[in-house]
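Here is the structure we will look at, set down as structure tokens.
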Amino acid sequence: MESFVVEKMTPTIKQSESIIRADGVSLSFGEVKALEDVCIDVRQREVVTIVGPSGAGKSTFLRCLNLLQKPDQGHIAIDGKLIFNDSLCLKKKELQDVRRKLGMVFQRFHLFPHLTALENVTLAMLEAGIATRDEAVETATALLDRVGLLKRALAPAPRLSGGEQQRVAIARALAMKPRALLFDEPTSALDPEASREVLSVMKELAQQGTTMVVVTHEMKFALNVSDRILFMEAGKAIESGSAEDMFYRAKSARARAFFAQALDHMES
Ligand code: ADP
Ligand code: MG
């Protein structure tokens, strides 16, 4: 089953560069096998969504990709460079580089409450030492504009709505010029209107060619925006394929049941 997941990767985009490649990623927490032999191959400009029931290991897998969580086993390469295998141990600086290459957007936005929207975005660049203050302000202003928040740039973070805060968090992740963005249920703490705002920014990023891995329960987004969907359950990558294939022609019984139910909800 596992090798099937890798082989299913869409052949038409094989030529483009691999940004994230993970093979055989496994991790246990005591008795709990959170991940068992999970693989993924994300090419430049691709949007891969990861879906599956709660507890499937989706968050754990995302965290493994940027080594926020160290797997027990497996290989992970970012931008063609091996960052994890059984014997490799990255130095602190190398680890920081990996994290910078993969911008992470979480369910909760973790903005600094004493800073404005603009300052939250500039701070990330200044701390990483990748821009002067003037450059940071210029970049942050452009990014806030890109996520539709230019007018809110000087608002203190706590004054922003949930949807606005999450869009600032996206701008902050983009400020590090990552090779890919990783999203972990970015809308699940938001009301429907705020979710729509955030999803529309994410859709735009996808259309502009941003490489993204998105863990989500937003099945309409998964269907409309993903190049590929990976379905996980109980720590395993059960099946992956194009959005159409997964929603309408999934091979495994579990994925068929999951996507049929999602379609039912979308229609009702
Ligand atoms: P998902 O994001 O798909 O809901 P998670 O990756 O959060 O799933 O969790 C996968 C499994 O690993 C769950 O059984 C969860 O309880 C367990 N798990 C996740 N993180 C930890 C941890 N830090 N310590 C112990 N168990 C954990
Ligand atoms: Mg999760």
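Here the structure is a predicted model, which is why all the values come from computation and not from measurement. One-based numbering, in listed order, for ligands and for the atoms of each.
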*Identify the heavy atoms of A237 and M232 that sit nearest to each other, and give their distance.*
CA-CG, 4.2 Å
*Under 4.5 Å between any side-chain heavy atoms of P71 and L35, yes or no?*
no
*Numbering the atoms of ligand 1 from 1, which are under 4.0 Å from a heavy atom of A56?*
1 (P), 3 (O), 8 (O)
_atom 17 (C) of ligand 1 [closest protein heavy-atom partner, distance rounded to 0.1 Å]_ = F29 CD1, 3.9 Å
*Side chains of L62 and M104: closer than 4.5 Å at any heavy-atom pair?*
yes
*Do other residues, nucleotides or ligands put more than 12 heavy atoms under 6.0 Å from R249 CZ?*
yes
*Which of the atoms of ligand 1 are close to V32, meaning less than 4.0 Å from one of its heavy atoms?*
14 (O)
*To the nearest 0.1 Å, how far is atom 13 (C) of ligand 1 from its closest protein heavy atom, and which atom is that?*
G55 O, 4.0 Å
*Could you tell me the residue and atom name of the protein heavy atom closest to atom 7 (O) of ligand 1, and the distance to it rounded to 0.1 Å?*
S59 CB, 3.9 Å
*Per the side-chain contact (heavy atoms from CB on, under 4.5 Å) rule, which among I50, L223, T49 passes with I229?*
T49
*Looking at atom 24 (N) of ligand 1, is any protein heavy atom nearer than 4.0 Å to it?*
yes
*Quick check: does K58 get an N/O under 3.5 Å from an N/O on ligand 1?*
yes
*Of the protein's non-hydrogen atoms, which lies at the shortest distance from atom 12 (O) of ligand 1, and what is that distance?*
A34 CB, 3.4 Å
*Taking the side chain as every heavy atom from C-beta outward, state whether I238 and F258 have any atom pair closer than 4.5 Å.*
no
*Which of the atoms of ligand 1 are close to S54, meaning less than 4.0 Å from one of its heavy atoms?*
4 (O)
*Which heavy atom of the protein is the closest neighbour of atom 8 (O) of ligand 1, given with residue, atom name and distance?*
G57 N, 3.1 Å
*Please tell me if the side chains of V51 and M219 come closer than 4.5 Å, counting only heavy atoms from C-beta onward.*
yes
_Starting from atom 9 (O) of ligand 1, what is the nearest protein heavy atom, named by residue and atom, and what distance separates them?_
T60 OG1, 3.7 Å
*asked:* Is it the case that over 12 heavy atoms from other parts of the model lie below 6.0 angstrom from the CD atom of E193?
replied: no
*Is any side-chain heavy atom of R228 less than 4.5 Å from a side-chain heavy atom of M246?*
no
_I'd like to check atom 27 (C) of ligand 1 in this structure: does the protein have a heavy atom lying under 4.0 Å from it?_
yes
*Taking both backbone and side chain into account, is any N, O or S atom of S59 nearer than 2.8 Å to the Mg ion (ligand 2)?*
yes
